[in-house]
Each structure stands twice: as structure tokens, then as C-alpha cells.
*Asks:* 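I'd like to ask some things about the structure below.
Residue numbers run from 1 in the order of the sequence given. Basis for what follows: all heavy atoms, side chains included, without hydrogens, waters or symmetry-related copies.
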Amino acid sequence: METLQQINRTKSAALFEQAKQYFPGGVNSPVRAFKSVEGTPLFFKKGEGCRVTDEDGNEFIDFCCSWGPLILGHAPKPVIDAITETAANGTSFGAPTRLENELAELILNNNRYLEKIRFVSSGTEAVMSAIRLARGVTGKSKVLKFEGCYHGHVDALLVKAGSGLVTFGESTSAGIPEGFVRETLVLPLNDPELLEETLRKQAHEIACVIIEPIPANNGLLLQAKEFLGFLREKCTEYGVLLIFDEVISGFRVGFEGAAGHYGIQPDIVTYGKIIGGGMPVGAYGASRAIMSNVSPDGPVYQAGTLSGNPVAMAAGKAAVIELLKEGFYEKLAAKTEAFLSKITSYCTVKGYEVTFPSAGSIFWIAFSKNTIRTAEGIDAGSMSHFKVLHRELLKRGVYLGPSGYEVGFVSAAHSEEDLDLAAAMMCEAMDVVFER
Ligand SMILES: *Cc1c(COP(=O)(O)O)cnc(C)c1O
């Protein structure tokens, strides 16, 4: 096989050296540091459609898409126009604007699972606020989460399973007080018996169960619909609120997210990523009754100087209008499926140990033939394959997020031709991965 040159990263590498003087690890969010793949991070200077260009002028078909927000691709005209027009009239007032109503109206009128919403500025903030709301409503304090789900960097949720079944967790970050960790229970995904046993014993102190209904932050750990249905049923039975963290799945697998996809009504839903059209926006929503507990209507305090920021609202609104167009999600899912089935057929014929689980336009490269539904099911050793794949794809003009635990995203801006080209590059790169 022809050996391709490594990409030129002279300028990116110099910028990274400089960035290391300013930021811990040279970055403002850890996964960007390329710790799990080869080389230094690429510094991007332009995005257009499904393509990004780095500081050295390398161009890539992008499947990271800013980790999910860019469902319309980079710099979609309606969103950029809305941002520039709105910004020209002032970027923030700290007072209500019409744009908040307009975005909320588009969302609430087209989502059967929500009656009221509150805008915040990130997914983490949405989750943190939703947990406080659940505690405020129930008067209970513990939170039950699942191993392999990510909910942002909320103190009480940076917790993984400890040793032993259903014990308290261990924090995954320094700086989290013991007392916070004790408020969090961690269970494996896809284990209905353990879930029921835990609720039977401890529901009297559990405020809420939080889950990514389509877990997409640690591989793509697709859950059986039956498990999610069971979870819904048991939360109701035991008087525990169910939070769907839809920061990734919301507006991604369909306009109503995973709730709509599975037809399951959560008690509280959190959003982020897509909802801001590429600007920093998060949100949480629920029934009118539950939301009536939020300040200033109710006793659960939550606020934000830049919440409902007009420029971000305008971006979100312009994006949401596109998502509501007839057939948007069907088309995107069909494109993704065609793309993945090309690569899958190739890898199957070649006998490569790799599969491509997907949900709508989210996909994961799993170096395993098994259906993986739990965090434990992921073989850490297989990540060495991802390292090679990542390097080989960069050489071939395809950009994936720099970790094998992360999923990829197809956007509306990826044309069939772009996807055919990317599929061909993916097949070539797989040859290198498996024929070393
Ligand atoms: C990205 C993500 C978060 C955190 O959102 P930030 O905007 O990064 O704070 C929370 N939950 C899920 C499911 C996410 O995917």
C-alpha cells in the first residue's frame, strides 16, 4: 500500500506551544488536547458546509461538527445571517427580548414532551439546574446515574461506580467533596433487576434518575427500548423523577429527541449543543407543574446574566426553522445509513473486527462485533486501533473527534458525494488499521 505523507502541522504545532503558556494543557476543554491520538491538536481557521480548514491550510471533511451542535454543518447561511443581523442591534440587554419567545414557541409547539422551558448557557448548566429542580420538587437529595453516561462537569455527576454493586460511587475528578459523591448512586446501563432493587431499597431518598436515553459520550451505548420503558415505569411507581439528558440526542435523532424517538415521557429534559445553532445555549424543560417550582414562580433558584442571549437565541431560532422543514431528519438519517452501510460492507468482506452502531445521524466506530450496551462492554485495548485510524484519516482529509470513545456526526451539509468520498477514505484507513 502507498504510504501517505503525514499532514503538515507547522502552524498548528506552533500555536499549540503558545497556547500551553496560557491554558492548562494548551486547551479550554480537555478532549481537544489530542491526548488519545497522535500529534498535536489542529487549530482551525475556517469551516464551510461539511469542511474545515486548519491553520496550515489542510482541509478535512468534518465528522466532529463541534461535538454535535452543527447539525446544519459549518456557517449555514440562515444562522450566520441571523447572528450578524441580531448582533448589529446589540449583543446583550440583561432584559427580555422577543427572540426568547420566538425560539421557545418554535420548540414548545413542536415537542409533545415539554410545556415550559428555561434557557441557560451550556449543557452542564442545564443538567445542574435540572438536578436542583428535581431535588426541590421531591424534597429528596440523591441522584441515580448510569455508568457510561456523561452529563457535563456537574460536581455530583463526575462520579463513577465504586467497587461492589450499587455502592456509592467514586469521583472522577479531584475537587469533589465526599459529601457530594455520597449523594450519587451509579448503576450499570441495561440492568433492569439492579435498577428495580435499588429503587425498592432507596427510592425514599432518591430525587431523580438521570440518563442519556441515547448514551453517546462513551461510545454509542444504544439501550433497548424495553429498558428505557421499564425505567420510566419504575420511576413513576417509586416516586422518583426521570431526567432525560438530551444535550446530544435532543434535536439530533428527531425534533423531539430521544423522548420522541422512543415515545417515552420524561419528567424533566435537558438540552444543549444543537439548540443554540452553534452558539452557547442550553435549556431544561418539563411540565407546567414542575416548572412552576423554578424561580421567580417557585422556590428553586436559577439565573443567568447571559441566559437567553439575543444573538444565541437568533442562531438557535434560525437553526430550528431548518430542522422543522419537511423530511429534514429522514433525509439526514438515510444519508448516514447509506454512508455507514458502504463502510460496513467493505469491512465485513475484509473480515475486519469493527462495527458502526448508529442512531439517526450519530455514529460510533466500535472495534468489536458485539452489540455494546454498557460502559464495561468497551474494550480499552481496541482504542489502539482508533489511534491508527485517526492518523490515517487525517492524512486522507477526514477529521474525527480525537478519541475513540467519542461518536461522529453527519450534518445536513454532508452531500452524498462528500459521504462517498469519506467512505472510500474510511475503507482505505481501515486497511491500514487491520493490515499493519
Ligand atoms: C455535551 C453534553 C453535556 C455537557 O454540555 P456542555 O455544553 O459541554 O456543558 C451534558 N450532557 C450530555 C449528554 C452531553 O452530551
*Asks:* Applying salt bridge (charged side-chain N to carboxylate O under 4.0 Å, His left out), can you list everything that pairs with Arg200, at least two apart in sequence or on another chain?
*Replies:*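 Partners of Arg200 by the salt bridge (charged side-chain N to carboxylate O under 4.0 Å, His left out) criterion come out as none, since no residue qualifies.
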*Asks:* Quick test of your reading: applying salt bridge (Lys or Arg N to Asp or Glu O under 4.0 Å), list the pairs with at least one residue in residues 26-44, sequence neighbours left out, ordered by first then second residue.
*Replies:*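 Those involving residues 26-44 are Glu38-Arg391.
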*Asks:* Which side-chain N or O atoms in residues 266-276 pair as donor and acceptor under 3.5 Å with protein atoms at least two apart or in another chain?
*Replies:*
| from | atom 1 | to | atom 2 | distance (Å) |
| --- | --- | --- | --- | --- |
| Asp267 | OD1 | Arg232 | NH1 | 3.4 |
| Asp267 | OD2 | Arg232 | NH1 | 3.2 |
| Asp267 | OD2 | Arg232 | NH2 | 3.0 |
| Asp267 | OD2 | Leu242 | N | 2.8 |
| Thr270 | OG1 | Asp245 | OD1 | 2.9 |
| Tyr271 | OH | Asn111 | ND2 | 3.0 |

*Asks:* Applying side-chain hydrogen bond (donor to acceptor under 3.5 Å, both in side chains), can you list everything that pairs with Lys145, at least two apart in sequence or on another chain?
*Replies:*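 Counting only residues at least two positions away or on another chain, Lys145 forms no side-chain hydrogen bond (donor to acceptor under 3.5 Å, both in side chains).
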*Asks:* Please list all pairs passing the salt bridge (Lys or Arg N to Asp or Glu O under 4.0 Å) test where one or both residues lie in residues 69-85, with sequence neighbours left out.
*Replies:*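 Residue pairs with at least one partner in residues 69-85: Lys77-Asp81.
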*Asks:* Sequence neighbours excluded and cut-off under 3.5 Å, please list the side-chain donor-acceptor pairs for residues 208-225, or say none.
*Replies:*
| from | atom 1 | to | atom 2 | distance (Å) |
| --- | --- | --- | --- | --- |
| Glu212 | OE1 | Ala216 | N | 3.0 |
| Glu212 | OE1 | Asn217 | ND2 | 2.9 |
| Glu212 | OE2 | Tyr150 | N | 2.9 |
| Gln223 | OE1 | Asn190 | N | 3.1 |
| Gln223 | NE2 | Leu221 | O | 2.8 |
| Gln223 | NE2 | Arg373 | O | 2.9 |
| Lys225 | NZ | Tyr262 | O | 3.4 |

*Asks:* For Leu15, check side chain to side chain contact (heavy atoms under 4.5 Å, CB included) against everything at least two apart and list the hits.
*Replies:*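 In terms of side chain to side chain contact (heavy atoms under 4.5 Å, CB included), with neighbours along the sequence ignored, Leu15 is linked to Gln18, Phe43, Glu55.
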*Asks:* Can you name the salt bridge (charged side-chain N to carboxylate O under 4.0 Å, His left out) partners of Asp62, sequence neighbours left out?
*Replies:*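 Partners of Asp62 by the salt bridge (charged side-chain N to carboxylate O under 4.0 Å, His left out) criterion come out as none, since no residue qualifies.
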*Asks:* Suppose we call two aromatic rings close when their centres sit under 6.0 Å apart. Are Phe16 and Phe34 close by that rule?
*Replies:*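 No; Phe34 has its ring centre 6.0 Å or more from that of Phe16.
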*Asks:* Say whether, by atom type as modelled, one donor and one acceptor occur between the side chain of Thr184 and the main chain of Ala156 under 3.5 angstrom.
*Replies:*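 Side chain of Thr184 to backbone of Ala156: a pair is present.
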*Asks:* With sequence neighbours excluded, tell me which residues meet salt bridge (charged side-chain N to carboxylate O under 4.0 Å, His left out) with Lys20.
*Replies:*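 Lys20 satisfies salt bridge (charged side-chain N to carboxylate O under 4.0 Å, His left out) with Glu17 only.
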*Asks:* Can you name the salt bridge (charged side-chain N to carboxylate O under 4.0 Å, His left out) partners of Lys342, sequence neighbours left out?
*Replies:*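 For Lys342, the residues satisfying salt bridge (charged side-chain N to carboxylate O under 4.0 Å, His left out) (neighbours in sequence not counted) are Asp420.
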*Asks:* Nearest heavy-atom pair of Glu246 and Glu256: which atoms, and what distance?
*Replies:*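 In this case the closest contact between Glu246 and Glu256 is OE2-O, 4.1 Å.
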*Asks:* If the condition is ring-ring contact (aromatic ring centres under 6.0 Å, His included), which residues does His151 pass it with, not counting sequence neighbours?
*Replies:*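 Listed in chain order: nothing, the list is empty.
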*Asks:* Using atom types as modelled, flag every donor-acceptor pair under 3.5 Å from a side chain in residues 361-368 to any protein atom, sequence neighbours excluded.
*Replies:*
| from | atom 1 | to | atom 2 | distance (Å) |
| --- | --- | --- | --- | --- |
| Ser361 | OG | Arg252 | NH1 | 2.9 |
| Trp364 | NE1 | Gly404 | O | 2.8 |
| Ser368 | OG | Asn370 | N | 3.0 |

